[in-house]
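For the single chain, residues carry numbers from 1 onward in sequence order.
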Amino acid sequence: MIKIIDCPRDAMQGLEEFIPTALKIEYLNQLLKVGFSALDFGSFVSPKAIPQMRDTAEVLAQLDKTEQELIAIVANSRGAEDALTFKEISHLGFPLSISETFQQRNTRKSIEEAWAALQNIQNRCIGKRRQLIVYLSMAFGNPYEEAFHPEMLLPFLAKLQEMEVHTVMISDTIGNAEVKAIQNTFHLCHQAFPQMEIGMHLHSTPYNSKSKIEAALEAGVTRLDGALGDMAGARWPKKS
């Protein structure tokens, strides 16, 4: 079975103009009717960092009841504590980067500090019987001239497996993944960690994403992130 997760949060958070709360609620409720496996709908982070998501709790209160997974992104223990007060949220997502520079820029933490925060969040999730999803960013290289090779993912996956994190999204943060790299990366990861659910989170365009999605499927990926409507962030190709 292929799981398709729509990520309106990723699409919305980069937009400078604030989307009215009522419009967010209307759009998200329409997405819930589509039948996606899960919806990455919002985040519990500092409003200063991501102003677009400052109304996540208000939005959540008005979403139609659903059996689908609702995913909220958090960047620290405080955000996790806030998110876990809502029983409707079944999954928390945490951004972990294999790039030290990007981890600092994205969450204001070193990778070492991010691991400590992640363990704390995982403990909270286990205590509340929720699931944690980790997004491994810069998984196909980075623009900072930092060393990179696909094997760098393996120790991250090993540590996540030890922490009993069952779902990891390999993330193409800057849209530079090529078909061959996607195939090689997922073959490598699936072979090393066959029991983990390892999915793909692309930042791409309608013009080059189809071949990348096909490459991931051929490599055994069964969990795919996208964003309906070709908005910013992860995007699905239009029908030809």
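- What you find for M196 and V165 is that their closest heavy atoms are CE-O, 3.4 Å.
- Closest approach of F156 to L96, counting heavy atoms only: CD2-CD2, 3.8 Å.
- The minimum heavy-atom distance linking I111 with S99 is given by the pair CD1-C, 4.0 Å.
- No donor-acceptor distance shorter than 3.5 angstrom exists from the side chain of E197 to the backbone of V168, with no hydrogens or angles considered.
- Remark: side-chain polar atoms of S43 are not paired, donor with acceptor, to backbone N or O of V45 under 3.5 angstrom.
- Side chains of D40 and H91: no donor on one and acceptor on the other come within 3.5 Å.
- F44 has its ring centre less than 6.0 Å from the ring centre of F86.
- Checked against the 6.0 Å centroid threshold, W115 and F94 do not count as a close aromatic pair.
- In this structure, M200 and A216 approach most closely via the heavy-atom pair CE-CB, 3.4 Å.
- No salt bridge links E81 with R130; every basic N to acidic carboxylate O contact stays at or beyond 4.0 Å.
- Looking only at atom types and distance, the side chain of Q52 has a donor-acceptor partner in the side chain of K24 under 3.5 Å away.
- In this structure, the side chain of E88 does not engage the main chain of K65 through any donor-acceptor pair within 3.5 Å.
- No donor-acceptor contact under 3.5 angstrom links the side chains of S110 and E112, judged on distance only.
- S97 and Q103 share no side-chain donor-acceptor pair at under 3.5 Å.
- Formation of a donor-acceptor pair under 3.5 Å by the D64 side chain with backbone atoms of N29 is not found in this model.
- Ring geometry for F140 against F186 counts as tilted: the plane angle lies between 30° and 60°, on a 0 to 90° scale.
- In K109, the NZ atom is crowded: over 12 heavy atoms of neighbouring residues, nucleotides or ligands sit closer than 6.0 Å.
- Rounding to the nearest 0.5 Å places CG of L63 at 9.5 Å from CD1 of I89.
- Between L132 and C125 the shortest side-chain heavy-atom distance falls below 4.5 Å.
- The heavy-atom pair separating A83 from L92 by the smallest distance is CB-CD2, 3.6 Å.
- When every heavy atom of T173 is checked against every heavy atom of H203, the shortest pair comes out as O-ND1, 3.2 Å.
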Worked check of salt bridge (Lys or Arg N to Asp or Glu O under 4.0 Å) between E218 and K180: CA-CA 11 Å; E218 290 172 1; K180 193 64 176 178; over 6 Å; no

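- Using a 4.5 Å heavy-atom cutoff, the side chains of Q68 and L39 are not in contact.
- For the 3.5 Å distance criterion, the side chains of E146 and T101 qualify, holding a donor opposite an acceptor.
- A salt bridge does not link E113 to R108: none of the charged nitrogens lies less than 4.0 Å from a carboxylate oxygen.
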